[in-house]
S.K.: 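Dumping the structure here so I can ask a few things about it.
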Amino acid sequence: MAAIHQSTLSLGQLHILEMLSRCRTQDSLERLKKTLFDYYAKEAEAEANRLWENGEIDDSKIEEWGKEHLRTPYVHS
């Protein structure tokens, strides 16, 4: 009996792969990438607005982020 292969990709990932398979030119690929970028930019903006409206972020928090140094320390081997 053959083993059942279970995909580790989500439904969204599978859908994007299907869309990418239809991009026949560099131009169509660039348009699809822009569409996806625009979608996620709007999602990020909506979440930032939600956080601002709920008081979870404000001008002082943004100022604090601007002063953070979150570099990964270099480890000598």
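Throughout, residue positions are numbered sequentially from 1 according to the sequence presented.
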S.K.: Do any pairs count as a salt bridge (charged side-chain N to carboxylate O under 4.0 Å, His left out) and have a residue in residues 65-76, sequence neighbours left out, and if so which ones?
M.R.: Glu63-Lys67

S.K.: I need the single residue from Thr35, Leu29, Leu36 that forms a side chain to side chain contact (heavy atoms under 4.5 Å, CB included) with Lys33. Which is it?
M.R.: Leu29

S.K.: Taking atom OG of Ser10 and atom NE2 of His15, what is their separation to the nearest 0.5 Å?
M.R.: 11.0 Å

S.K.: Which atom pairs, donor and acceptor, lie under 3.5 Å between side-chain atoms of residues 37-49 and protein residues at least two apart or in another chain?
M.R.:
{"from": "Asp38", "atom 1": "OD1", "to": "Lys34", "atom 2": "NZ", "distance (Å)": "3.4"}
{"from": "Asp38", "atom 1": "OD2", "to": "Lys34", "atom 2": "NZ", "distance (Å)": "2.8"}
{"from": "Glu47", "atom 1": "OE1", "to": "Arg50", "atom 2": "NE", "distance (Å)": "3.0"}
{"from": "Glu47", "atom 1": "OE2", "to": "Arg50", "atom 2": "NE", "distance (Å)": "3.4"}
{"from": "Glu47", "atom 1": "OE2", "to": "Arg50", "atom 2": "NH2", "distance (Å)": "2.7"}
{"from": "Asn49", "atom 1": "ND2", "to": "Glu45", "atom 2": "O", "distance (Å)": "3.3"}

S.K.: Might you point out which heavy atoms bring Ser28 and Cys23 nearest each other, and give the distance in Å?
M.R.: OG-CA, 3.4 Å

S.K.: Main chain of Ser60, side chain of Asp58: is a donor-acceptor contact present, judged purely on distance under 3.5 Å?
M.R.: yes

S.K.: Write down the atom of Met19, the atom of Leu32, and the distance for their closest heavy-atom approach.
M.R.: CB-CD2, 4.1 Å

S.K.: Rounded to the nearest 0.5 Å, how far apart are CD1 of Ile57 and CG of Leu51?
M.R.: 5.0 Å

S.K.: Among all residues two or more places apart in sequence or in another chain, which pass the side-chain contact (heavy atoms from CB on, under 4.5 Å) test with Ser21?
M.R.: Glu18

S.K.: Taking CG in Leu11 as the centre, count heavy atoms belonging to other residues, nucleotides or ligands within less than 6.0 Å. Is the count above 12?
M.R.: no

S.K.: What is the distance from atom CG of Leu70 to atom CH2 of Trp65, rounded to the nearest 0.5 Å?
M.R.: 11.5 Å

